[in-house]
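In what follows, a structure is listed as structure tokens, so that the remarks can point back to it.
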Amino acid sequence: MPWRKTKDAYSIWVSEVMLQQTQVSVVIPYYERWMTRFPSVGSLASASEEEVLQLWQGLGYYRRAKSLLSGAQYVLERGMPSDISGWRKVPGIGAYSAGAIASIAQELPVALVDGNVERVYARLLGDDSVGPKLTKAAWGWAEANICSEHPGDWNQGLMELGATVCTPKDPKCSGCPLQLECKGFLRGLVSELPAPSPKELVRDLTITFLILHHGGSLFFSRAKQGQWWSGMLVLPTPEDVPVAGWTEDLGRFVFRVTNNRVKAEVKLIRLETAPQGFEEVPLERLQDVPIPAPHRKALKLLQRI
DNA sequence: AATTCGGGGGC
DNA sequence: GCCCCAGAATT
């Protein structure tokens, strides 16, 4: 992992934010591009949100990118935090990320709990708690077992154990250094732990994406605050386009936004004149503009025509 | 404590 | 399909 080659706090910070709810293999190319374009806090702090979102495109949870930008501005003004409570005040940095940056980059003796550590804890201690209770118990355990000599290595080792040995499915107990002190293993409960939290109900809904085409350009809306992908360019919906004229059905597909299963219907509208109140993007500039993945998928239906 | 934030990987 | 991912902010 490229962020392992450095102890620069900003680099670790960027990597940890990208890694929130995102797999290592997905993050690596984004991280490389990001560090090339924004090698320092100062270079990020002076960037536009547009460009930040463009580099983030495809990673999801776009709030993280906006927080990272405002966090850089915050740190540029007030200086790099030097303890965990300082990191907790930085936008976009919660308990896990603060612990990760402080212990890995600054070698401060602090704990950290992510999904990996939580799973290792639940099995090692045989704790069948669920949800927030389990998380809280894992924090208590992690804080009681901080390695004050090498806190960063310890924390990364714990996470790596969870990622490579104590995996969610098919854990490699026979190769685990903790096998003989693991209560979950000794009791034959490894496959039952951590206890699954109750499933969230999935909502089904349908939206229509309209592709407004005129004169070699497409016309987008800007997602408002409180809407999905707020601040980004998104395809208009019928509410945005009162008078539709005739539409051409381009197809449909399904995507998910956390616990929503969304059926998207895509329609093309060829306009005689440029519409008012939309942002125009020439077809050849589509690559340079941040657009959420589902909208980009909808645009692909256009290429078949 | 529960919800809301994307998107992709792996099986 | 389904589960999970080196979570955080908001209510």
Side-chain angles (χ1 to χ4, degrees), chain A residues 1-4 12-31 53 56-68 70-71 87-105 111-121 129-136 138-139 142 152 154-164 166-171 191 194-204 223 225-232 234 253-262 264 290-297:
Chain A
M1 296 184 278
W3 45 88
R4 284 250 174 110
I12 304 292
W13 175 11
V14 171
S15 73
E16 292 301 341
V17 173
M18 287 186 172
L19 286 163
Q20 290 165 10
Q21 295 292 284
T22 308
Q23 294 174 1
V24 170
S25 59
V26 178
V27 165
I28 288 175
Y30 284 89
Y31 174 82
L53 290 173
W56 202 268
Q57 181 187 120
L59 266 184
Y61 290 121
Y62 293 90
R63 173 183 298 173
R64 294 183 293 169
K66 298 179 192 176
S67 299
L68 199 47
S70 60
W87 281 109
R88 274 299 271 117
K89 297 188 179 80
V90 178
I93 296 191
Y96 162 77
S97 300
I101 300 169
S103 67
I104 297 171
L112 119 197
V113 171
D114 70 337
N116 291 305
V117 177
E118 192 170 300
R119 185 172 54 254
V120 169
Y121 159 78
S129 315
V130 174
K133 269 191 176 170
L134 176 61
T135 306
K136 199 167 184 182
W139 273 100
W154 169 259
N155 286 336
Q156 290 188 69
L158 218 44
M159 292 189 283
E160 189 154 330
L161 184 70
T164 61
C166 196
T167 48
K169 279 175 279 188
D170 192 27
S191 61
S197 38
K199 286 186 277 193
E200 304 140 18
L201 52 100
V202 178
R203 282 188 296 271
D204 284 288
Q225 202 162 24
Q227 297 182 319
W228 292 344
W229 312 292
S230 70
M232 302 182 72
V234 292
F253 62 95
V254 178
F255 64 94
R256 294 198 54 164
V257 180
T258 60
N259 59 337
N260 300 283
R261 182 171 29 229
V262 187
I291 298 170
H295 299 260
R296 199 161 280 283
K297 188 176 280 187

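Chain naming here is simple, since letters A, B, ... match the order of the sequence lines and numbering starts at 1 in each.
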Item to check | A:Tyr96 versus A:Glu16, side-chain donor and acceptor atoms under 3.5 Å | outcome: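 Looking only at side-chain atoms, A:Tyr96 and A:Glu16 do form a donor-acceptor pair, the distance falling under 3.5 Å.
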Checklist entry - For A:Arg64 and A:Gln21, does a side-chain donor sit closer than 3.5 Å to a side-chain acceptor? => result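 The answer is no; no qualifying pair exists.
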Looking only at side-chain atoms of [X], point me to the closest of [options].
X	options	value
A:Tyr96	B:dG6, C:dC5, C:dA8	C:dA8
A:Ala293	B:dG8, C:dC2, C:dG7	B:dG8
A:Pro292	C:dA6, B:dG7, C:dC5	B:dG7

Within the structure shown, what part of the strands sits under 4.0 Å from [X] by heavy-atom distance: base, sugar-phosphate, or nothing?
X	result
A:Phe255	nothing
A:Ser67	nothing
A:Pro91	sugar-phosphate
A:Leu59	base
A:Ala100	nothing
A:Met1	base

Polar pairs (N or O, both sides) under 3.5 Å between protein and nucleotides 2-4 of chain B?
unit_1	atom_1	unit_2	atom_2	d
B:dT4	OP2	A:Arg203	NH2	3.3

Next on the checklist: Is it the case that the base of B:dG7 and the side chain of A:Thr22 share a donor-acceptor contact (distance under 3.5 Å, atom types as modelled)?
Outcome noted: no
Checklist entry - Rounded to the nearest 0.5 Å, how far apart are OG1 of A:Thr22 and OH of A:Tyr30? => result 9.5 Å
May I ask you to evaluate whether [X] reaches the phosphate of [N], defined as a side-chain N or O under 4.0 Å from OP1 or OP2?
X	N	value
A:Tyr62	B:dG7	yes
A:Trp87	C:dA8	no
A:Arg119	C:dC5	yes
A:Gln21	C:dG7	yes

Checklist entry - Which base, if any, makes a Watson-Crick or G-U wobble pair with C:dC4, both distances under 3.5 Å? => result B:dG8
From [atom1] of [X] over to [atom2] of [N], roughly how many Å is that when rounded to an integer?
X	N	atom1	atom2	result
A:Gln57	B:dG7	CD	P	9 Å
A:Met232	B:dG6	CE	P	9 Å
A:Arg296	B:dG6	CZ	P	16 Å
A:Gln20	B:dC5	CD	P	17 Å
A:Trp56	B:dG8	CH2	C1'	15 Å
A:Asn116	C:dC5	CG	C1'	8 Å
A:Gln227	B:dC5	CD	C1'	14 Å
A:Asp114	C:dA6	CG	C1'	4 Å

Taking the side chain from [X] and the backbone from [Y], do they hold a donor-acceptor pair closer than 3.5 Å?
X	Y	result
A:Ser97	A:Gly94	no
A:Arg119	A:Cys166	yes
A:Asp114	A:Asn116	yes
A:Arg261	A:Phe255	no
A:Ser70	A:Ser67	yes

Item to check | Residue mapping more 5' on DNA chain B - nearest nucleotide basis, A:Lys133 or A:Gly58 | outcome: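 Its nearest nucleotide lies further toward 5', so the answer is A:Lys133.
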Checklist entry - How would you list, by chain and number, every residue that makes a ring pair (Phe, Tyr, Trp, His ring centres under 6.0 Å) with A:Tyr31, sequence neighbours excluded? => result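 Checked A:Tyr31 against ring pair (Phe, Tyr, Trp, His ring centres under 6.0 Å); matches are A:Trp3.
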Next on the checklist: What's the gap between B:dG6 and C:dT11 when it is taken at their P atoms, as a whole Å value?
Outcome noted: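 Going atom to atom, P in each nucleotide, I get 16 Å.
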Checklist entry - What integer number of Å spans the P atoms of C:dA6 and B:dC11? => result 14 Å
Checklist entry - Starting at the 5' end of DNA chain C and moving along, which residue's nearest nucleotide shows up first, A:Val24 or A:Gly92? => result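 Comparing both residues, the 5'-ward one is A:Val24.
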Atom pairs, N/O to N/O, protein against nucleotides 9-11 of chain B, distance under 3.5 Å?
unit_1	atom_1	unit_2	atom_2	d
B:dG9	O4'	A:Gln23	OE1	2.8

Item to check | Distance-minimising heavy-atom pair for A:Ile28 and A:Pro2 | outcome: CG1-CD, 4.0 Å
Checklist entry - Nearest heavy-atom pair of A:Leu158 and A:Val120: which atoms, and what distance? => result O-CG2, 4.1 Å
